[in-house]
Visitor: 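Following this message is one structure expressed as structure tokens.
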Amino acid sequence: MATAGGNLNIILRLEIDKEKATFGRIATLINGLNGDIIAIDVISEGKSHTIRDFTVTVFDQEHSDLVVREVRSITGVKLHHVSDRTFLVHLGGKIETKLKTPIKNRDDLSRVYTPGVARVCTAIHNDETLANSLTIKRNTVAVISDGSAVLGLGNIGPKAAMPVMEGKAMLFKQLANIDAFPICLNTQDPEEIINVVKALEPTFGGINLEDIASPHCFEIERRLSEELDIPVFHDDQHGTAVVILAGLLNALKVVGKNLEECKVVICGIGAAGIACTKMILRAGAKNVIGVDKKGAIVKNKSYENQEWNWYAENTNPYEEEGTLSEVIKGADIFIGVSGPGVLKAEDVKNMGKDPIVFAMANPTPEILPEVAKPYVSVMATGRSDYPNQINNVLCFPGMFRGALDCRASAITEDMKLAAAKAIASTVKDSELNEDYIIPSVFNEKVVEKVRRAVIDAAHESGVARKEYSLSMKNPADEVFL
Ligand SMILES: NC(=O)C1=CN([C@@H]2O[C@H](COP(=O)(O)OP(=O)(O)OC[C@H]3O[C@@H](n4cnc5c(N)ncnc54)[C@H](O)[C@@H]3O)[C@@H](O)[C@H]2O)C=CC1
Ligand SMILES: CC(=O)C(=O)O
Ligand SMILES: [Mg+2]
């Protein structure tokens with residue numbers, strides 16, 4: 001069963017009076033309440049009492065409360081405390097800095113710090129390009145958010161956005177060996193954000209904008225791309241669009257359709273929805289209809305959001321009007337980047353033959369796979385607990401690895417298209433099926449394939465500023481030629 005935050009794992013620390021209670025009794029009770037015991041660890045063992053940690057998977061908070069209440073009521077069992085494994089992994093934050101060289105003596109100190117460091121500072125002062133090889137800049141990305149559109153949780157503010165940004169930093173490191181800093185800003189004013197990010201440039205080799213709501217995100221990204229000479233990438237727009245296109249290319253092969261002939265309905269015309277529309281139009285789609293809270297976006301209406309005016313002019317060629325339930329009739333593809341539960345089973349039933357549904361809202365999709373699956377050919381979500389996880393994590397590590405390695409000054413449309421094709425090609429035609437249209441996040445080939453494709457495209461686009469050696473094992477340690 002799916003929950004908003006995914007499965008909830010709780011740990012119950014129980015002191016058990018051996019005379020009065022048994023494991024069997026506790027286990028039977030928890031199982032009877034549909035709790036799934038996944039581990040029992042011994043904390044201490046005495047003659048009359050034992051203390052054990054029971055790790056139990058529950059559906060949600062209400063289910064957790066029920067299990068706790070019932071366990072507490074067993075005679076001979078004392079509940080010391082309950083902890084939530086997801087919260088435990090966040091204690092004190094999820095990342096830390098680490099030294100590359102230890103400082104063991106005065107000699108080391110005089111090289112990494114003063115006086116030795118001064119010679120390096122002077123060298124960079126004389127030739128600023130040396131910052132790319134003599135500082136962390138060459139392998140460091142800033143993950144910037146203002147907390148205004150965090151996952152599908154909305155404007156929950158910069159402090160609440162930090163766990164997501166720390167998570168992105170972990171993924172950058174683990175998947176692509178990029179050092180990423182989560183930076184959540186105490187402002188949602190575009191001009192202030194632009195100024196702060198510009199001021200951070202000396203430290204970073206790239207800027208990953210994250211969970212900044214539309215329409216501000218468009219202006220912020222445009223200005224920063226124009227005014228900085230390091231790559232600026234709004235992950236929710238372009239990372240998402242790249243991965244959606246990758247999934248779509250493969251899903252279309254599974255159902256044997258051409259994008260050009262498909263009716264595509266995209267729900268949620270914000271950061272992800274607009275970028276995704278642009279990308280699939282570039283890939284050949286002709287009939288794309290965008291739907292937001294007030295229904296389909298149509299020509300000859302004036303919208304306050306400038307991007308929607310562009311959208312109205314460039315999509316919906318048959319000028320279909322109405323709600324999602326109305327315009328989805330006969331559609332071949334549904335892409336949801338809006339919010340939870342927006343799509344109903346009835347809507348899916350009304351789609352065309354062999355429909356493709358990408359319900360990407362996080363953490364709760366537009367429709368749950370168990371509800372949609374009977375009526376769809378290919379179903380995907382942004383989550384890791386269902387097949388076909390379409391998540392921008394398949395893109396941003398390889399995209400930045402490639403951009404940093406060739407010291408790209410920008411990320412171009414061709415680099416994005418190359419990344420989409422590289423991700424799609426990781427699944428061989430012989431492996432493709434309705435539950436496997438996109439590689440797993442843990443597929444080790446993805447980052448390397450995306451990286452190479454991005455570097456080649458960067459050279460072709462004329463934004464690469466370095467040759468690179470593909471023979472080195474660890475991209476971050478590559479010696480530039
Ligand atoms: N799976 C993935 O990799 C990704 C998933 N997403 C998800 O997509 C969603 C949107 O993200 P962003 O574009 O960054 O946010 P955003 O705030 O820029 O845009 C969301 C848009 O959805 C619209 N919307 C909200 N409820 C709606 C409804 N009931 N019907 C129609 N439209 C509705 C809003 O008006 C807004 O235009 C979030 O849930 C996010 O988690 C975003 C990026 C990546
Ligand atoms: C995955 C992601 O970036 C989001 O849901 O916002
Ligand atoms: Mg995001």
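One-based numbering, in listed order, for ligands and for the atoms of each.
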Visitor: Is E413 paired with R282 through a side-chain N to carboxylate O contact shorter than 4.0 Å?
Guide: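 Yes, R282 and E413 are salt-bridged.
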Visitor: Is there a nitrogen or oxygen of T240 sitting under 3.5 Å from a nitrogen or oxygen of ligand 1?
Guide: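 No, T240 has no N/O under 3.5 Å of an N/O on ligand 1.
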Visitor: Is it true that D405 and R401 make a salt bridge, defined as a side-chain N closer than 4.0 Å to a carboxylate O?
Guide: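 Answer for the salt bridge query: yes.
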Visitor: In E210, which N, O or S atom comes closest to the Mg ion (ligand 3)?
Guide: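 Atom name of the closest N, O or S in E210: OE2.
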Visitor: Specify which N/O/S atom of D211 comes nearest to the Mg ion (ligand 3), by atom name.
Guide: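 Nearest N/O/S atom: OD1.
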Visitor: Are the charged groups of D435 and K373 less than 4.0 angstrom apart, N to O?
Guide: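 A salt bridge links D435 with K373.
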Visitor: Between D292 and ligand 1, does any nitrogen or oxygen pair lie at a separation below 3.5 Å?
Guide: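 Between D292 and ligand 1 (N or O atoms, distance only) the closest approach is under 3.5 Å.
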Visitor: Judged on heavy-atom distance to atom 2 (C) of ligand 1, which of V242, N362, T381 sits nearest?
Guide: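 Minimum heavy-atom distance to atom 2 (C) of ligand 1 goes to N362.
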Visitor: Please check if any side-chain donor atom of T203 sits under 3.5 Å from a side-chain acceptor atom of K137, or the reverse.
Guide: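 T203 vs K137: no donor-acceptor pair found between side chains.
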Visitor: Under a 3.5 Å cutoff, is there a donor and acceptor pairing between the side chains of H234 and E210?
Guide: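 No donor-acceptor contact under 3.5 Å links the two side chains.
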Visitor: Can you sort out which atoms of ligand 1 are near I390, meaning under 4.0 Å from one of its heavy atoms?
Guide: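 Taking each heavy atom of I390 in turn, ligand 1 has 1 (N), 2 (C), 3 (O) under 4.0 Å.
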Visitor: Given that the side chain starts at C-beta and the backbone is N, CA, C, O, which of these parts of V337 lies under 4.0 Å from ligand 1, counting heavy atoms, or is it both or neither?
Guide: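 V337 to ligand 1: contacts from backbone and side chain alike.
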Visitor: Could you tell me, atom by atom, which parts of ligand 1 come under 4.0 Å of a heavy atom of G382?
Guide: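 This gives 1 (N) as the contact atoms.
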Visitor: Using a 4.0 Å heavy-atom cut-off, which part of C267 comes near ligand 1: side chain, backbone, both, or neither?
Guide: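 Side chain only.
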Visitor: Looking at G152, which atoms of ligand 1 are within less than 4.0 Å of one of its heavy atoms?
Guide: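 Listed by number with element: 38 (C), 39 (O), 40 (C), 41 (O).
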Visitor: N/O of A361 under 3.5 Å from N/O of ligand 1, yes or no?
Guide: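 The answer is no, given that A361 and ligand 1 share no N or O pair closer than 3.5 Å.
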Visitor: Are any side-chain N or O atoms of K198 and backbone N or O atoms of L224, one a donor and one an acceptor, separated by less than 3.5 Å?
Guide: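 Not a single qualifying donor-acceptor pair exists.
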Visitor: For the side chain to side chain contact (heavy atoms under 4.5 Å, CB included) test, which of I333, I335, I367, V265 pairs with V357?
Guide: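 When side chain to side chain contact (heavy atoms under 4.5 Å, CB included) is applied between V357 and each of I333, I335, I367, V265, only I367 qualifies.
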Visitor: Would you kindly check if the NZ (Lys) or CZ (Arg) of K278 is within the cone defined by 45 degrees around the ring axis of W310 and under 6.0 Å from the six-membered ring centre?
Guide: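 Yes; both conditions hold, so K278 lies above the ring face of W310.
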Visitor: Would you say the ring centers of F172 and F396 fall short of 6.0 Å from each other?
Guide: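 Aromatic pair counts; centres sit under 6.0 Å.
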Visitor: Measure across L88 and I11 and return the closest heavy-atom pair with its distance rounded to 0.1 Å.
Guide: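 What the structure gives for the nearest pair is CD1-CD1, 3.9 Å.
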Visitor: Examine D236 and say whether one of its N/O/S atoms is closer to the Mg ion (ligand 3) than 2.8 Å.
Guide: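 Coordinating: yes.
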Visitor: N362 side chain to L151 main-chain N or O, any donor-acceptor pair under 3.5 Å?
Guide: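 No, because the side chain of N362 does not come within donor-acceptor range (under 3.5 Å) of the backbone of L151.
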Visitor: In terms of atom number and element, which parts of ligand 1 are under 4.0 angstrom from non-hydrogen atoms of I269?
Guide: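 Those qualifying, in numeric order: 37 (O).
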Visitor: Is there any N or O on N392 that sits under 3.5 Å from an N or O of ligand 1?
Guide: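 Yes, since at least one N or O of N392 sits under 3.5 Å from an N or O of ligand 1.
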Visitor: Considering only non-hydrogen protein atoms, determine which one is nearest to atom 5 (O) of ligand 2 and report residue, atom name and distance to 0.1 Å.
Guide: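 It is N362 ND2, 2.9 Å.
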Visitor: Under 4.0 Å from a heavy atom of A272: which atoms of ligand 1 are those, numbered in the order shown and with their elements?
Guide: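 Those qualifying, in numeric order: 13 (O).
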Visitor: Does any N or O atom in D236 lie less than 3.5 angstrom from one in ligand 2, N or O only?
Guide: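 Yes - when backbone and side-chain N and O of D236 are compared with those of ligand 2, one distance drops under 3.5 Å.
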Visitor: Measure the distances from the heavy atoms of K168 to every atom of ligand 2 and state whether one is below 4.0 angstrom.
Guide: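 Judged by the 4.0 Å heavy-atom criterion, K168 does count as contacting ligand 2.
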Visitor: Of the choices T240, N392, V150, V164, which has the non-hydrogen atom that lies closest to atom 1 (C) of ligand 2?
Guide: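 Looking at heavy atoms only, N392 sits closest to atom 1 (C) of ligand 2.
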Visitor: Do ligand 1 and G273 have nitrogen or oxygen atoms that lie under 3.5 Å from each other?
Guide: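 N/O-N/O distance below 3.5 Å does not exist for this pair.
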Visitor: Give the minimum heavy-atom separation between P365 and A359, together with the two atoms involved.
Guide: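 Closest approach of P365 to A359, heavy atoms only: CB-O, 3.4 Å.
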